[in-house]
Amino acid sequence: MTSDRVQPNETVVPLLHCVSAEETLTFWRALGFAVTYEQRRPYLFLAFRWSGLDLRYKDAPSGVDPSTENTGGCLVMVDAVAPYHATFSEAMRRTYGKVLAKGQPRMTRYRPGASRFTVIDPSGNSIVFIQRDEPMELEYGGSKRLQGLARVLDNARILREFKDDDRAAYRALNSGLRRHGESAPAVEQALALAALIELSVSLPEPERVPEWGARLRALPLTAAEREQVTLGVADPTVLAPWLPEADA
């Protein structure tokens, strides 16, 4: 008999705070989750399931402000994050006509090769999808092995993909390009400008996009470098007016 001993087969299901039952139900249904339990009285309890993922919600404590986005959350460890992001993106386009990238609810960008992304629900919870083999140690603030604009680019990557702070990434890239742009290789300049264009659109602060775009168009890039820059953004269409043709 083993029923009287602790067994290493536990199941942990996150219990998240819910500010609006209707908004929560609408959002997760839009992403393809099934509602496996719904109770409003005498207390709120909602249960969702999709693939092997279970989410549970209860009433949020009084005073919870979902706009601060510190309500709660959970980590979802997966073999590869790209298929999840693609599946949720497709579901959002079907329901909302676009991928929700601003406000609440929303989903953070996914750059090819990235190891995580975050879904922010209507109550300000963060559900973070993380690739299981993601490095355990990250150098927040830019790898010390890098210098100049390359280090700035790495810092901006950490700010966007791990801290979900687009504003800080924008400031870092803008400042870094002023300090290191002239001495940096053309492809590094192009990567920084492409990121600034993408951030300017999403923040939104589009007034500087023509400036960034003109500088990007003027850079001499090979076909391989052009592809590298295109892969450096989540939505290559934002670069379409500006990305130069590859040199012959």
Side-chain angles (χ1 to χ4, degrees), residues 14 16 20 22-35 46 48-55 57 66-67 69 71-134 156-167 169-170 191 194-206 209 227-243:
L16 305 174
S20 170
E22 290 302 329
E23 291 181 8
T24 301
L25 287 162
T26 298
F27 177 64
W28 288 116
R29 280 173 170 151
L31 264 61
F33 282 67
V35 179
L46 305 176
F48 300 89
R49 185 170 179 79
W50 178 82
S51 185
L53 174 60
D54 288 290
L55 297 176
Y57 283 85
S67 67
E69 297 185 358
T71 313
C74 64
L75 307 180
V76 183
M77 312 304 293
V78 298
D79 291 336
V81 297
Y84 291 83
H85 195 278
T87 298
F88 296 153
S89 295
E90 182 181 354
M92 286 181 178
R93 291 189 185 99
R94 284 197 305 267
T95 303
Y96 303 105
K98 62 181 180 180
V99 176
L100 302 178
K102 306 173 187 175
Q104 289 174 336
R106 73 178 187 277
M107 181 170 64
T108 61
R109 69 193 283 272
Y110 174 75
R111 179 185 56 81
S115 58
R116 63 171 63 191
F117 71 91
T118 302
V119 175
I120 295 90
D121 72 9
S123 295
N125 295 291
S126 294
I127 294 83
V128 188
F129 290 78
I130 303 178
Q131 196 161 301
R132 285 194 177 92
D133 62 356
E134 180 182 272
R157 176 183 65 85
I158 295 295
L159 289 169
R160 298 191 73 180
E161 296 177 10
F162 295 88
K163 295 188 176 182
D164 294 332
D165 195 338
D166 283 0
R167 178 68 61 183
Y170 179 91
L191 287 167
L196 283 167
I197 290 171
E198 187 176 45
L199 285 164
S200 296
V201 171
S202 65
L203 279 172
E205 291 187 2
V209 170
E227 181 179 7
Q228 182 181 352
V229 173
T230 301
L231 292 175
V233 297
D235 181 10
T237 62
V238 301
L239 303 182
W242 315 110
L243 194 61

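- The shortest side-chain heavy-atom distance between Arg29 and Val35 falls under the 4.5 Å cut-off.
- Annotation: the span from Thr108 atom OG1 to Ile120 atom CD1 amounts to 6.0 Å, rounded to 0.5 Å.
- By the 4.0 Å N-to-carboxylate-O rule, Asp79 lies close enough to Arg132 to be salt-bridged with it.
- Taken from CZ in Arg116 to OG1 in Thr118, the straight-line distance is 7.0 Å, to the nearest 0.5 Å.
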Atom pairs and distances, side-chain donor-acceptor, residues 94-103, under 3.5 Å, sequence neighbours left out:
{"unit_1": "Arg94", "atom_1": "NH1", "unit_2": "Glu90", "atom_2": "OE2", "d": "3.4"}
{"unit_1": "Thr95", "atom_1": "OG1", "unit_2": "Ala91", "atom_2": "O", "d": "3.3"}

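- In terms of heavy atoms, Gly73 sits closest to Asn125 at N-OD1, 3.9 Å.
- Taking CD1 of Ile127 as the reference point, atom CG of Asp121 lies at 4.5 Å (rounded to 0.5 Å).
- From Trp28, atom CH2 reaches atom CG of Leu55 across 5.5 Å, with rounding to the nearest 0.5 Å.
- Partners of Ser200 under the side chain to side chain donor-acceptor pair (under 3.5 Å) rule, at least two apart in sequence or in another chain, are Trp212.
- Under the 30°/60° scheme for interplanar angles, the aromatic rings of Phe117 and Tyr110 are found to stand perpendicular.
- Of all heavy-atom pairs spanning Pro66 and Pro122, the tightest one is CB-O, 4.0 Å.
- Heavy-atom minimum distance, Thr230 versus Pro236: CG2-CB, 3.6 Å.
- The CE atom of Met107 sits 3.5 Å away from atom OG of Ser89, with the distance rounded to the nearest 0.5 Å.
- When only modelled atom types and interatomic distance are considered, Glu134 and Ser115 share a side-chain donor-acceptor pair under 3.5 Å.
- Side chains of Arg109 and Glu198 form a contact here, defined as non-hydrogen atoms less than 4.5 Å apart.
- Here the side chains of Val76 and Ile130 are not in contact, with every heavy-atom distance at 4.5 Å or above.
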* Asked: Going through the checks in order, is the side chain to side chain contact (heavy atoms under 4.5 Å, CB included) test met by Thr71 and Leu16?
  -> CA-CA 8 Å; Thr71 313; Leu16 305 174; over 6 Å; no
* Which is it for Arg160 and Asp165 under the salt bridge (Lys or Arg N to Asp or Glu O under 4.0 Å) test, yes or no, and what are the steps along the way? -> CA-CA 5 Å; Arg160 298 191 73 180; Asp165 195 338; over 6 Å; no
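- Taken to the nearest 0.5 Å, the OH atom of Tyr170 stands 8.5 Å off from the CG atom of Leu199.
- At a threshold of 4.5 Å between non-hydrogen side-chain atoms, the residues Leu53 and Phe48 do not count as touching.
- Heavy atoms only, all atoms of each residue included: Val238 and Ile197 are closest at O-CG2, 3.8 Å.
- With sequence neighbours left out, the ring-ring contact (aromatic ring centres under 6.0 Å, His included) criterion links Tyr84 to Trp50, Phe129.
- Here the closest non-hydrogen pair linking Ser20 and Ser123 is N-OG, 3.9 Å.
- Proximity of Phe27 to Met92: side-chain heavy atoms (C-beta onward) are separated by under 4.5 Å at one or more points.
- The two residues Ser126 and Glu69 have their closest heavy-atom pair at OG-O, 4.5 Å.
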